[in-house]
Amino acid sequence: MLNIENLHVSVGDKPILKGINLHIKPGEIHAIMGPNGSGKSTLSHVLSGKSGYTVTEGTVTYDGKDLTEMAPEVRAREGVFLAFQYPVEIPGVSNIYLLKAALNAIRKHQGLSEVDAMDFLMLVKDKVRLLEMDEKFLYRAVNEGFSGGEKKRNEILQMAILEPKLCIMDETDSGLDIDALKIVSEGVNSLRSPERSFVMVTHYQRLLDYIKPDFVHVLAHGQIVKSGGAELALELEEKGYSWVENKQAAA
Amino acid sequence: MNTVIKTRYSAEYSKLEPALPGRSSPWLTALRASALDKFTGNGFPSIREEEWRYTNVSGIEKNLFVPTDQPSSATVDKEWLDRFRLPDCWSFVLVDGYFSAELSQLDGLPEGVVVQSLAKSLDTDAEQVKPYFAQAVSDDEHSFVAFNTAWFCDGLFLKVPKKQALTQPIQLLHVTTQQERLSTTRTIIVLEPMAEAQVIETYVGVEQAYLSAAVTEVFVEANANLTLYKVQCESAKAYHFGGTYVKQARDARFIHHNFAFGGLLARCDIHCDLDNASECDLNGLYLGNQRQHLDNHTRINHLQPNAVSREMYKGVLAGRSRGVFQGRVVVAENAQKTDSQMNNRNLLLSDDAEADTKPQLEIYADDVKCSHGVTVGQLDEKSVFYLQSRCVDEETARNMLTFAFANEMVNKLTIKSLHDLVLNQVLERFPQQGISKDWL
């Protein structure tokens, strides 16, 4: 589904990612862990097409297509979804409108007609219940005045409705209390399917107690320095990031 | 202003004079004479005056706008006017500056509420007008006010008696029907203690050059509550001056929503004098396009302690348009515990658009909470990317954010029909943006 080969990325003249290799198959959950400044967020931004990053070397192939050639909205319509670390507040645009606009853009991209208004409402209300959200959120402006937990839940709601193939979750657990973390995790778990893959970027192991990854990769200084199964996250939690960083230095 | 222009306006004035209302009241005749003197002495305001430094009104001097002494409702296209008329409101229509009973709808007004042509009030019982006339603003404010005092031919006198709450809003429709027409109106709104009302001032006109010069004096007495709306949809060639001067007694509340959409050059003044523990909330949205010049001036005088003022003005400027915001808050020495916030945000959609913004705080008290914030800029790129990541293409994302920026002010309107009217005006004014109504 997603193949990242020898990816080098710079911001201005400064190299951030220095040769990332990552292969994700349908249905897999990959956790990307690493200390601050290791390049975790850069990776999620580059995958979703945020401007300001230059790919200097390497390739990113998604479903056989060159992802780096696509505009951000095209990536989104092709099924790449970024759950933001800091979801943006958009005063004046209602949540439900954005959901509908996004869903219709995907349908149009797929050659389908616009979603029926009643079907859409039923779908949205169904997902709202799943995430234990208040229906009132739908009619409020996107993320405006939402608490940190509500914003993250709103990201998962969008994900549930848009049904992406590749979900990139950028520090989804940051700023969440335990209750919100459980709800968000349950939402994500309910979206797991053999066709859908996840890249979870996180600083802490805590999220992985709720969403069990198939693979854990440790990013340091712009490179993946260690990969393993879910148990690697626990080992990291115990020994700290200096453990892998030191190993890298020793090597 | 050169002598030729003065002479032309004076000649027009002497033609009009016999028909002006209130000639039997010596106090008014004296006021008019002194106002005319002030106007002929000073001419229209010049950019050398601090309050007019961003707004050059020489275009008004170059044209000679002529008042009519023979008003006629027959010149009004009723179907067109109905587009601006709100259902579920009493309507009071002024055509070329004169009240039109034929076009107005005032059935079912509660007893005791005065909604009357100002000319009629002055000719039948000038004493009821006298305590208010020129009491919220003086002719020394600037020449447009003096001009208005000298020339006004009609207007509205509205008085809501003590403890009376109006069950539906009153819409005041100002209509100008002819090229080169001068419409000069004076409106007096009085809410006696504990009264409540909503008044909507709407300005429209034919697609021609004309001048509409309106002065509104507002008196919100103790514990009364007024929401005033101004929807300025003058023609794209028109000149507009509108001044609203408000005196608030203790515990009085005044909310204003000001939409500046039309006019080649439009200037709007809002002044509020705040007594003890009164509150004012000023909201504004100006949308400039092509070569429009939209100037909004607000002044809030905290004269007594414990008053609260809030102000939010937003501008969206496209083409070669220019938006001006001058917001002044003055806190008098004894106005302790004043709580004041002023905000002005501008969005520039083209390299040739311009925003001039000048917030001013003058604080003479020492125990107050006052803040102001001003921004002039482009759209937030983080928001554009967020929408793109939700499948929206970049152009639509930018349109959506622009519209959302303006829509925030529209969404504050709680009267459904007014909300829809204003929203349609916003949508009409950005047709090239492909803004869609279902973004709401």
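In what follows, every chain begins at residue 1, and chains take the letters A, B, ... in the order their sequences are listed.
When each of A/A71, A/S51, A/A102 is scored by its heavy-atom pairs under 4.5 Å with chain B, the top score falls to A/A102. Between chain B and the options A/R75, A/Q158, A/H109, heavy-atom pairs under 4.5 Å are most frequent for A/Q158. When the candidates B/D380, B/V392, B/V410 are compared by the number of heavy-atom contacts under 4.5 Å with chain A, B/V392 comes out ahead. Of the listed residues A/A105, A/G49, A/A141, A/P91, the one with more heavy-atom pairs under 4.5 angstrom with chain B than any other is A/P91.
For A/T202 and A/D173, the side-chain atoms include at least one donor-acceptor pair closer than 3.5 Å. No side-chain donor from either of B/H297 and B/D269 sits under 3.5 Å from a side-chain acceptor of the other. Between the side chains of B/D352 and B/S350, not a single donor N or O lies within less than 3.5 Å of an accepting N or O. Looking at B/T396 and B/D393, their side chains do bring a donor and an acceptor atom within 3.5 Å of each other. Using modelled atom types and a 3.5 Å distance limit, the side chains of B/Q326 and B/T298 yield no donor-acceptor pair. In summary, the side chains of B/H293 and B/D295 do not present any donor paired with an acceptor at a separation below 3.5 Å, with no hydrogens or angles considered.
Heavy atoms closer than 4.5 Å to chain B are found in the side chain of A/N143, but not in its backbone. Contacts between A/V142 and chain B at a heavy-atom distance below 4.5 Å involve the side chain alone, from C-beta outward.
A cation-pi contact, defined as under 6.0 Å to the ring centre and within 45° of the axis, is absent between B/K314 and B/Y286. Under a cutoff of 6.0 Å and an axis angle of 45°, B/K230 and B/Y203 form a cation-pi pair.
Partners of A/K50 under the side chain to side chain contact (heavy atoms under 4.5 Å, CB included) rule, at least two apart in sequence or in another chain, are A/H45, A/Y53, B/F385. For the ring pair (Phe, Tyr, Trp, His ring centres under 6.0 Å) test, residues two or more places apart in sequence or in another chain that qualify with B/F325 are B/Y313.
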TODO: Dump the intermediate steps for salt bridge (charged side-chain N to carboxylate O under 4.0 Å, His left out) on A/K40 and A/E171, then the final yes or no.
DONE: CA-CA 9 Å; A/K40 301 191 301 285; A/E171 310 255 2; 3.7 Å; yes
Q) salt bridge (charged side-chain N to carboxylate O under 4.0 Å, His left out) between A/K151 and A/E155: does it pass, once the steps are laid out? A) CA-CA 6 Å; A/K151 284 181 184 171; A/E155 296 288 287; over 6 Å; no
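Heavy-atom proximity under 4.5 angstrom to chain B picks out A/R77, A/F81, A/L82, A/A83, A/F84, A/P87, A/V88, A/E89, A/I90 from residues 77-90 of chain A. Contacts of residues 123-135 of chain A with chain B at a heavy-atom distance below 4.5 Å are absent; not one residue qualifies.
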